[in-house]
Amino acid sequence: MIKFNVPPYTGDEITYIEEAVKKRKICGDGDFTKLCNGWIEKTAGAQKALLTTSCTHALEMAAILSDVGPGDEVIMPSYTFVSTADAFVVRGARIVFVDIRPDTMNINEKLIEKAITRNTRVIVPVHYAGVGCEMDEICEIAQAYHLKVVEDAAQGIMSAYKGRMLGAIGDFGCYSFHETKNYSMGEGGAILIKDKKDNELAEIIREKGTDRSKFFRGEIDKYTWVEAGSSYLPSELNAAYLWAQLRIAEKINDERIRNWNQYYEELEKLGKSGKIELPFIPEHCAHNGHMFYIKAQNIQERTELIQYLKKKEILTVFHYIPLHSAPAGKRYGSFHGEDCFTTRESERLLRLPMYFGLKKEQITYITDCIKEFYA
Ligand SMILES: *Cc1c(COP(=O)(O)O)cnc(C)c1O
């Protein structure tokens with residue numbers, strides 16, 4: 001059976017975890033966390049990066065730092081993971097869903113301005129499949145209306161938009177290191193912060209509302225409770241696991257892109273014939289091979305294809321059920337304007353196996369089976 005996802009593993013994880021254990025320093029913010037934070041800052045060109053317990057929690061931190069509260073509105077696509085919305089809903093905000101572009105499955109930047117009201121506080125672009133949203137337009141709108149931009153870059157690490165790394169473009173950026181992502185620590189994430197002014201509060205929120213980070217740096221001689229906060233810092237054991245992967249991030253990224261390109265080349269003819277649709281990468285976007293998807297004609301055909309490939313021992317999966325159609329989505333948000341593409345395109349999309357370690361021959365076998373199905 002060819003699995004849909006195999007969590008990344010380099011072989012060095014256990015060595016680093018052992019190191020952390022031997023140092024008797026396994027709570028948060030030890031050496032491995034610092035290495036990971038530094039790596040993200042350097043690679044993404046971020047002013048500040050902090051590992052968190054998940055991308056969901058990074059988004060929650062971004063919601064707190066954006067001062068989102070009851071009555072506020074947050075604009076995002078409906079075609080996204082629940083966490084994008086949850087992080088703001090727990091602050092009491094209402095979600096305003098905007099339609100996506102059918103070509104990239106990202107929020108349609110042209111529809112954002114019409115969805116803005118007096119209560120809007122934040123725009124959340126979600127970089128689907130690690131392909132950048134139109135950040136120039138989005139940031140321009142945000143500036144004009146004094147809104148914050150929180151990038152859900154859960155899938156976007158190592159990807160770029162016009163030469164700038166995803167996650168480091170908006171006011172805050174959020175990465176995920178869940179085991180389904182390009183680099184993993186089991187459960188984990190990171191928040192990237194643009195403005196230095198937000199660093200101190202971010203550290204406080206992440207450390208239970210205390211100024212403990214300052215204390216550890218020797219800047220104060222005792223720490224105290226200064227704000228409302230939570231516990232968003234991960235254990236050193238998880239950071240040690242992640243460090244093994246970040247160290248060879250370039251190699252993992254290259255391999256994923258090679259896989260992605262192979263899929264594309266082997267399916268190009270079928271795409272040109274109009275039987276399926278292949279992903280679109282805008283000229284100015286550099287992606288990270290996070291995902292390879294195809295689009296069938298409709299949901300029936302997609303269901304048949306999933307079944308067909310399953311019989312061939314290949315596991316493929318569809319993705320998000322639009323949030324505005326979910327019970328909580330109806331309670332906490334509403335769709336602005338017409339749903340032209342969100343539902344329709346989500347019903348056609350099928351994700352093919354993609355992971356670090358997927359073999360060339362396996363990809364050829366998968367694309368051969370897809371061609372067979374359409375023959
Ligand atoms: C995976 C994912 C998340 C959640 O990440 P966690 O680290 O599991 O909290 C949020 N948004 C998107 C778009 C994702 O793909």
Side-chain angles (χ1 to χ4, degrees), residues 4-5 7-8 36 40 49-64 74-90 95 97-98 100-101 104-107 122-133 135 138 149-159 161 166-167 169-170 172-192 206 230-235 238-239 241-242 245-246 256 279 287-293 317-324 326 328-329 333 342 345-346 349 351 354-355:
F4 167 68
N5 176 58
C36 294
I40 296 169
L50 296 167
L51 280 194
T52 58
T53 31
S54 66
C55 179
T56 308
H57 281 167
L59 288 159
E60 270 186 43
M61 281 184 67
I64 299 170
V74 178
I75 294 174
M76 64 180 65
S78 171
Y79 188 70
T80 182
F81 190 53
V82 291
S83 300
T84 320
D86 264 330
F88 295 92
V89 164
V90 293
I95 308 300
F97 297 113
V98 165
I100 53 167
R101 300 159 48 126
T104 56
M105 304 298 283
N106 283 336
I107 192 166
V122 181
I123 305 170
V124 191
V126 180
H127 306 297
Y128 188 69
V131 178
C133 297
M135 293 307 290
I138 291 169
V149 175
V150 175
E151 295 179 74
D152 182 339
Q155 304 172 17
I157 186 167
M158 297 283 277
S159 292
Y161 166 85
L166 301 187
I169 303 172
F172 304 103
C174 304
Y175 286 162
S176 173
F177 299 116
H178 185 258
E179 71 167 30
T180 51
K181 302 303 199 289
N182 289 21
Y183 312 97
S184 174
M185 54 199 276
E187 301 278 355
I191 182 166
L192 285 68
R206 183 166 164 270
S230 190
S231 184
Y232 293 130
L233 75 168
S235 149
N238 297 62
Y241 193 98
L242 178 64
Q245 298 174 24
L246 294 186
R256 294 190 79 112
H287 71 98
N288 58 3
H290 174 64
M291 183 194 301
F292 193 92
Y293 65 77
V317 288
F318 52 84
H319 215 178
Y320 311 127
I321 311 290
L323 295 185
H324 72 283
T342 300
E345 298 303 301
S346 73
L349 187 141
R351 295 180 292 159
M354 177 61 95
Y355 50 85

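One-based numbering, in listed order, for ligands and for the atoms of each. The structure presented is a predicted model; accordingly, all values stated were derived computationally and were not measured. When a residue number appears, it is its place in the shown sequence, counting from 1.
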One finds that the ligand 1 atoms under 4.0 Å from a non-hydrogen atom of Ser54 are 7 (O), 9 (O)
shortest atom 14 (C) of ligand 1-to-protein heavy-atom contact is with Ala154 CB, 3.3 Å
- request: Determine, using heavy atoms of Lys181 and all atoms of ligand 1, whether some pair is separated by less than 4.0 Å.
  value: yes
Worksheet entry | Any Ala58 heavy atom less than 4.0 Å from ligand 1 | no
| field | Validation row, ring centre His319 to ring centre Tyr128 under 6.0 Å | value | yes
Closest heavy-atom pair, Pro77 versus Val124, reported as atoms and distance to 0.1 Å, is CD-O, 3.5 Å
Ranked by distance from atom 15 (O) of ligand 1, the top protein heavy atom is Gln155 NE2, 2.9 Å
Within the 4.5 Å heavy-atom criterion, are Asn106 and Pro125 side-chain neighbours or not? no
The answer for which part of Val126 has a heavy atom under 4.0 Å from ligand 1 is side chain
Inset, instruction - Begin with the C-alpha distance, continue with both residues' side-chain angles, and end with the deciding distance and a verdict on side chain to side chain donor-acceptor pair (under 3.5 Å) for Glu345 and Tyr79. - result: CA-CA 9 Å; Glu345 298 303 301; Tyr79 188 70; over 6 Å; no
Counting heavy atoms under 4.0 Å, the part of Tyr79 that contacts ligand 1 is neither
(Q) Geometry only, no angles: is Asp152 polar-contacting ligand 1 at N/O separations under 3.5 Å? (A) yes
Do any nitrogen or oxygen atoms of Thr56 come within less than 3.5 Å of a nitrogen or oxygen of ligand 1?
yes
Residues Ala129 and Asn288: closest non-hydrogen pair is O-OD1, 3.8 Å
Looking only at protein heavy atoms, what sits closest to atom 3 (C) of ligand 1 is Phe81 CD2, 3.6 Å
Point to revise | Polar proximity ligand 1 side, Cys55 side, N/O cut 3.5 Å exclusive | key: yes
Nearest heavy-atom contact between Ala58 and Ile191 is O-CD1, 3.7 Å
Just so I know, are the side chains of Phe177 and Ile157 near enough to count as touching, which here means a heavy-atom distance under 4.5 Å? yes
With nothing but distance in play, are any N or O atoms of Ser176 less than 3.5 Å from an N or O of ligand 1? yes
Side-chain donor/acceptor of Glu151 to backbone N/O of Ile169, under 3.5 Å: yes
Per-atom filter on ligand 1: closer than 4.0 angstrom to a heavy atom of Gly188 are 7 (O)
Closer than 3.5 angstrom, by distance alone: can the side chain of His287 be matched with the main-chain N or O of Ser159 as a donor-acceptor pair? no
